[in-house]
Amino acid sequence: MPLPENYVEAVYADPGLERYRGNPLIEALPPIMDLQALKVKLTGKVEFNPQDCFGEGHLRAHQISALLDDFFQPLSIHKQLEEKISVMIRGGYVGRNIADGSLNKKMQEGYQRIMSGVASDFRFSQTNSTAKSLSLIGCSGSGKSSTINRILATYPQAIYHHDYNAIQLPYLRIECPSDGSLKSLCLNFFREVDRTLHTGYEEKYARKRHSTEVLLSLMGQVATQRAVGVLVIDEIQRLTLKRSISKEAMLEFFVALVNVIGVPVVMVGTPKARPIFEMELQAGRRSAGFGSLFWQPMKPGPVRMNPKTGEPRKTEWQAFTNKLWQYQWLTNRDEILSDEIRDCWFDLSQGVLDIVVKLFVLAQMRAISTGLERITVKLLRTVYQQELKPVHPMLDALRRDDPELIVKYSDLQLPDMDKRLLELRQVIDERQAEKERIPAFGSNEKAMRLYTMLQGMGCESRLLEPLIENAFQQHPDLSLPELSRIILDWYSNPPRTTKPKTANVKSTSWHTLPSDDLRFKFSQAEKGRFYHELQYGKELFDVPNWLKEVG
């Protein structure tokens, strides 16, 4: 009988450590990743072809939107989290071994706990448990859930051990219920097991009005029976919504969760959940072995020097934005990210990873829809003001570094992001329809191919059309490579007959001109500030230095 699609059959390999050897639950897991393997496994796969920058707007809009799902650049915090989860999963299996019977022993203890009732819930908790727990706290948009999902995706969802007739779940991820109920949280556990293994635990246990304590024991029995490696509980801050549950009661619940279930637990939430874990530290309680990671937004510095070369090393912010900057599908794109744009990008996003990427995506969509076809400081500020209003309070709190405000606004999100992207795509389609006209080359497919190819090489489109027309008039029988050489020669040294006439450009279209055109610079300057942004020796005659030279 074939295995379900989300199952794999166990293949055993040496785990590399004596502590892990001889345990099929550990030997069936993928190898422990080093830094290079981590980068390969976690880095998002984004397909980019420079020629696509000259494609039609509606096609480029789809490529840009895909960045929201496909772009992921591993950082040091991601490596730290992956290492902790790797240790937790393998360490949690040390005390549960299907080869030596320790797993069956734990199942028997769990059964006795259920049959004895709540009063003797912890009677069998003296056995050596290697389960650990971890809390991951960070503002919305810091990449908690997406990073957890990418790390968990490096493990198979379910492993079938044929020799032991056992099923292993290396991980199980659930979300806290929106009503903040601890009982609903327990039922979410059974629902996720059912979804993964096609079992019927939720229906079996939801019908009976079990208490939270009994449900915890049942969770422990199922987690042991199915060899759950790590339990990830996301959106933990939702538990604070139910005022009838005290912080002390929630803390007791989490302590029992680790002790009773006996598997490692990772709790993920925003700073609103932080008081629960701070209480545990203040009380000096370590019974559940809580450890915490608090993810701050990315910082622009500090800049460190390379001791070998004496040159400054790139910060994570610089490396991250440089990588993302490569994925621009804009015809007038700047290849090098300027410090001015990078500083503005950080000021607006405050280093919140989700906002960094969304601001970049929305800016590209706006650049296509307006014909600007490049990212500028003015465009970033416009997009921030018009598109990111829902998260302004959270970003303002981060700018002010106000802990109370950060907690208050830590779970703000951008609603209807997909809807806004669709609206921008519609604007791009409308603009595309306005621009559509009969091609200058008529039905000459050869000329169109040549035009697209030379555009992909970086030639300016308004210069290419008359050059290609002239080339086909003079040399209609030449091949594409021969024609391209002639046109490139003309492009570098254009004959007088092919010079395009200077066109009058309306002021409303100045933003579409080349970046070094003074009219473009005027369109990007704040009102009344254009002259102040011009530089002596570039756009302005260097009068001060000239006066010094002439005495």
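Quantities reported herein were computed from a predicted structural model and do not represent experimental measurements. Values below: every heavy atom of this structure, side chains too, minus hydrogens, waters and symmetry copies.
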Ile233/Phe189 under side-chain contact (heavy atoms from CB on, under 4.5 Å): CA gap, chis, key distance, verdict: CA-CA 9 Å; Ile233 307 175; Phe189 171 88; over 6 Å; no
Do [X] and [Y] come within less than 4.5 Å of each other through their side chains, counting heavy atoms only?
X      : Y      : result
Arg96  : Val263 : yes
Ser484 : Ile487 : no
Thr270 : Ser140 : yes
Trp325 : Asn322 : no
Leu197 : Ile167 : yes
Asn149 : Ser146 : no
Asn6   : His198 : yes
Met33  : Thr154 : yes

Any sub-3.5 Å donor-acceptor pair from [X]'s side-chain atoms to [Y]'s backbone N or O?
X      : Y      : value
Ser349 : Val352 : no
Asp334 : Ile336 : no
Arg90  : Ile26  : no
Arg333 : Arg374 : no
Thr315 : Pro300 : yes
Asp354 : Ser142 : no
Tyr93  : Gly229 : yes
Glu82  : Ile151 : no
His78  : Leu75  : yes
Lys299 : Glu316 : no

With side chain to side chain contact (heavy atoms under 4.5 Å, CB included) as the test, pick out the partner of Gln350 among Val356, Leu395, Ile355. Leu395
Could you work out, with ring pair (Phe, Tyr, Trp, His ring centres under 6.0 Å) as the rule, every residue matching Phe48, not counting sequence neighbours? Trp329
Pairwise side chain to side chain donor-acceptor pair (under 3.5 Å) hits with a residue in residues 398-409, at least two apart: Tyr384-Arg399, Asp396-Arg399
Could you tell me whether [X] and [Y] have a side-chain N and a carboxylate O separated by less than 4.0 Å?
X      : Y      : value
Arg366 : Glu387 : yes
Asp52  : Arg60  : no
Glu175 : Arg191 : no

Between Arg226 and Thr196, a side-chain donor and acceptor under 3.5 Å: no
Parallel, tilted or perpendicular, judged at 30° and 60°: which one describes the rings of Trp345 and Phe360? parallel
What are the two closest heavy atoms between [X] and [Y], and how far apart are they?
X      : Y      : result
Pro393 : Leu412 : CB-CD1, 3.8 Å
Ala10  : His161 : CB-ND1, 3.6 Å
Phe190 : Val222 : CE2-CG2, 3.9 Å
Gln328 : Gln364 : CA-OE1, 3.2 Å
Met219 : Leu231 : CE-CD2, 4.5 Å

Does [X] have more than 12 heavy atoms from other residues, nucleotides or ligands lying within 6.0 Å of its [atom1]?
X      : atom1 : result
Lys378 : NZ    : yes
Gln413 : CD    : no
His162 : NE2   : no
Lys389 : NZ    : no

Given salt bridge (charged side-chain N to carboxylate O under 4.0 Å, His left out), test Arg173 with Asp234 step by step and report yes or no. CA-CA 7 Å; Arg173 179 187 172 276; Asp234 206 350; 2.8 Å; yes
Test ring-ring contact (aromatic ring centres under 6.0 Å, His included) applied to Phe71 and Phe320, step by step: CA-CA 11 Å; Phe71 181 81; Phe320 185 87; 5.6 Å; yes
